[in-house]
Peer 1: 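One structure coming up, written as structure tokens, with questions to follow.
Reminder, nothing fancy here: chain letters follow the sequence lines and each chain counts from 1. Keep in mind that this is a model prediction, so the values were computed, not measured.
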2 protein chains.
Amino acid sequence: MLIEIKHNPSNLESMEIINEALSKRAFLILVLCCKVNYEGRARSKLGLGERTVLIKGDGSFIIHQDRNLEPINWQPPKTKLSVKLENDVIKIVGMRRKPKEQLELIISTVHLISYYFGSDTKDIELAGYEEDMRHMIMNNPDLIEKGFRPTSKEYQTPQGFIDIYGKDANGKIVIIELKSRKAGINAVKQLKRYINCFLDNKEFVRGILVAPSITDDARELLENNKMEYISLDPPKELKTKTTTTLDYFN
Amino acid sequence: MLIEIKHNPSNLESMEIINEALSKRAFLILVLCCKVNYEGRARSKLGLGERTVLIKGDGSFIIHQDRNLEPINWQPPKTKLSVKLENDVIKIVGMRRKPKEQLELIISTVHLISYYFGSDTKDIELAGYEEDMRHMIMNNPDLIEKGFRPTSKEYQTPQGFIDIYGKDANGKIVIIELKSRKAGINAVKQLKRYINCFLDNKEFVRGILVAPSITDDARELLENNKMEYISLDPPKELKTKTTTTLDYFN
DNA sequence: CTGTGGATCTCGTCG
DNA sequence: CGACGAGGTCCACAG
Ligand SMILES: [Mg+2]
Ligand SMILES: [Mg+2]
């Protein structure tokens, strides 16, 4: 893999390396002392401090402090980047149209600069999502209860799409709201709104909240509204086996 | 600033440097070829590729591909990290209890390893949020309309807290829903639900959605329900002035 | 510690 | 391109 690394470059050297990396759309890594200004959807100002900056070939611009998972400032992919040197201060500016916003990095000192061209073609495999729960239930409706028959197609109300719509063994309409994480009161409210769309039907419509767990408040609200809860974990099976070695087949 | 950098270390060297960085809670940066497995709230598997990894002193564990703003895999702060070398393969594991989850990084080759101890004490100043809008309106209620008088305290309905509650010049109840970004149909639905809490009052309750802009569907839904829209941008004034130089006072 | 809701949310999907 | 909704959301705040 092609990688360039420089320790404690001068600001002039840094500017040239940054220009090189930006023009070649490399993955650029900087450790530096900087101030940061953001203006656009919101506005922010960050005083001097040492930070790690990532700039990706797709225009992602990411500034990390030494704490927290999330970057302190950022710009999404497709940001237009430019760099200039003025009075021995480096400025990297990331601009976006729509929304109009810009992130300005004012650099006093660069401790580390590196850029590389890597190969990363593999896509991630994921499981454990709401959509996985839906597939599991459609393939095995008895997970809800014996005799439950979901309709094969999505059902739309004025309030939006119902996760799963079907009928129980007695022919009663059943509306299912799925949550792949612990369900709170908002999940119950959403289910209630779907049921309200059927009020003029006269016949009782069952509402079932399906989630791995539920908060106490949500459960109370659910029962007060004569709705039901079924505990179900989202399936987490991947299509391929997970390995912890570096075999050729992975 | 103290920083260590090594280009193309052996896996044994890498393991020792990673151990050093982890034990000292440094900010660790790696560019490497790896596979990644995650298991916990969900499950994921990522095949071999070159990635950039950040591990912060607070336990944040971040894996970036060469595209997208967001990391492909991660663990939040307070993750417990460990490293080992087996058959010349480095494994870094990040574990969390509650939720129980683990992220496993299986490394074949390290291209760059660096760790540092930086100084970053400044907090960010932010503006342009819903809370800023609320303050602005409370301090200048005429922004809504002449004669509007908000109550000083928050008002809670069974549906949750109302952003701003007050009365207009005619003494009619006014409920305001704030959005700091473009408002969609969900903002309108939320406002409608608050108003429904006052239905037994008999008297008409005004609902006003305040946002910088609104989608067409949301506007239609709003008007069909006899509610109003006021266009208002969140204020973006910072307490201190933004500078684009490196003056001592910043 | 849990629950709730905002966010420069991001990102995929669908129209 | 805009609207909409899920998310391993993260994160701050309140109870
Ligand atoms: Mg749903
Ligand atoms: Mg609100």
Peer 1: From the list C:dT2, D:dT9, D:dA6, which nucleotide is the closest neighbour of the side chain of B:Arg41?
Peer 2: D:dT9
Peer 1: With a cut-off of less than 4.0 Å, is there a side-chain N or O of A:Lys179 near OP1 or OP2 of D:dG7?
Peer 2: no
Peer 1: Measure the OG-CG distance between B:Ser180 and B:Asp132 for me, rounded to the nearest 0.5 Å.
Peer 2: 8.5 Å
Peer 1: Output yes when at least one side-chain N/O atom of A:Thr215 is less than 4.0 Å from OP1 or OP2 of C:dT2, else no.
Peer 2: no
Peer 1: Begin with the C-alpha distance, continue with both residues' side-chain angles, and end with the deciding distance and a verdict on side-chain hydrogen bond (donor to acceptor under 3.5 Å, both in side chains) for A:Asn73 and A:Ser44.
Peer 2: CA-CA 8 Å; A:Asn73 280 112; A:Ser44 77; 3.0 Å; yes
Peer 1: Within the structure, does a side-chain N or O atom of B:Ser180 lie under 4.0 Å from either OP1 or OP2 of C:dA7?
Peer 2: yes
Peer 1: I would like to know whether B:Tyr38 and B:Glu101 meet side-chain hydrogen bond (donor to acceptor under 3.5 Å, both in side chains); could you show each step before the answer?
Peer 2: CA-CA 8 Å; B:Tyr38 163 74; B:Glu101 58 185 352; 2.4 Å; yes
Peer 1: Quick one: label B:Phe161 by what it contacts on the DNA or RNA (base, sugar-phosphate, nothing), any heavy atom closer than 4.0 Å.
Peer 2: nothing
Peer 1: Could you check which of D:dC4, D:dC10, C:dT2 has an atom nearest any side-chain atom of B:Ile185?
Peer 2: D:dC4
Peer 1: Please report, rounded to the nearest Å, how far the P atom of D:dG5 is from the CD atom of A:Glu154.
Peer 2: 12 Å
Peer 1: Ignoring backbone atoms, establish whether A:Arg181 has a side-chain N or O less than 4.0 Å from OP1 or OP2 of D:dT9.
Peer 2: yes
Peer 1: Closest-nucleotide mapping onto DNA chain D: is B:Gly184 or A:Glu70 further toward the 5' terminus? I mean the 5' end.
Peer 2: B:Gly184
Peer 1: If I take atom CD1 in residue A:Ile214 and atom C1' in nucleotide C:dG3, what distance separates them, rounded to the nearest angstrom?
Peer 2: 13 Å
Peer 1: Of the listed nucleotides (D:dC10, C:dC9, C:dG12), which one gets closest to any side-chain atom of B:Pro76?
Peer 2: D:dC10
Peer 1: On DNA chain D, compare the nucleotides closest to B:Ala42 and A:Pro71; which residue's is nearer the 5' end?
Peer 2: B:Ala42
Peer 1: Once you round it to whole Å, what is the distance between P of D:dC10 and CD1 of A:Ile72?
Peer 2: 17 Å
Peer 1: Tell me the interatomic distance from B:Arg67, atom CZ, to C:dG12, atom P, rounded to whole angstroms.
Peer 2: 10 Å
Peer 1: Under 4.0 Å: is that the gap between some side-chain N or O of A:Lys98 and OP1 or OP2 of D:dC1?
Peer 2: no
Peer 1: When all nucleic acid strands are considered with a 4.0 Å heavy-atom cut-off, which category describes A:Gln75: base, sugar-phosphate, or nothing?
Peer 2: base
Peer 1: Phosphate oxygens OP1/OP2 of D:dC10: is one of them under 4.0 Å from a side-chain N or O of B:Trp74?
Peer 2: yes
Peer 1: Please answer whether the main-chain N or O of B:Arg67 pairs with a side-chain N or O of A:Lys56 as donor and acceptor at a distance below 3.5 Å.
Peer 2: yes
Peer 1: Return whichever of B:Gln159 or A:Asn73 has its heavy-atom-nearest nucleotide of DNA chain C closer to the 5' end.
Peer 2: B:Gln159
Peer 1: In this structure, how many angstroms lie between the P atom of D:dC10 and the CG atom of B:Leu69, rounded?
Peer 2: 14 Å
Peer 1: If you look at every strand shown and take non-hydrogen atoms under 4.0 Å, does A:Asn68 touch a base, only sugar-phosphate, or nothing?
Peer 2: sugar-phosphate
Peer 1: Report all side-chain donor-acceptor pairs from residues 214-223 of chain A shorter than 3.5 Å, counting only partners two or more places apart or in another chain.
Peer 2:
residue	atom	partner	partner atom	Å
A:Thr215	OG1	A:Ala218	N	3.2

Peer 1: Given C:dC11, D:dC11, D:dC4, which nucleotide is nearest the side-chain atoms of B:Pro77?
Peer 2: D:dC11
Peer 1: Nearest whole angstrom, please: distance from the C1' of D:dC11 to the CG of B:Leu126.
Peer 2: 12 Å
Peer 1: Considering every strand and a 4.0 Å limit on heavy-atom distances, what is the contact class for A:Glu130: base, sugar-phosphate, or nothing?
Peer 2: sugar-phosphate
Peer 1: Should B:Leu209 and B:Val188 count as side-chain neighbours, where that means a heavy-atom distance under 4.5 Å?
Peer 2: yes
Peer 1: Rounded to the nearest angstrom, tell me the gap between atom CD in A:Gln156 and atom C1' in D:dC4.
Peer 2: 12 Å
Peer 1: Figure out the CD/P separation between B:Glu101 and D:dG7, and round it to whole Å.
Peer 2: 15 Å
Peer 1: Looking at C:dT4, I'd like to know if its phosphate oxygens (OP1 or OP2) sit under 4.0 Å from a side-chain N or O belonging to A:Asn186.
Peer 2: no
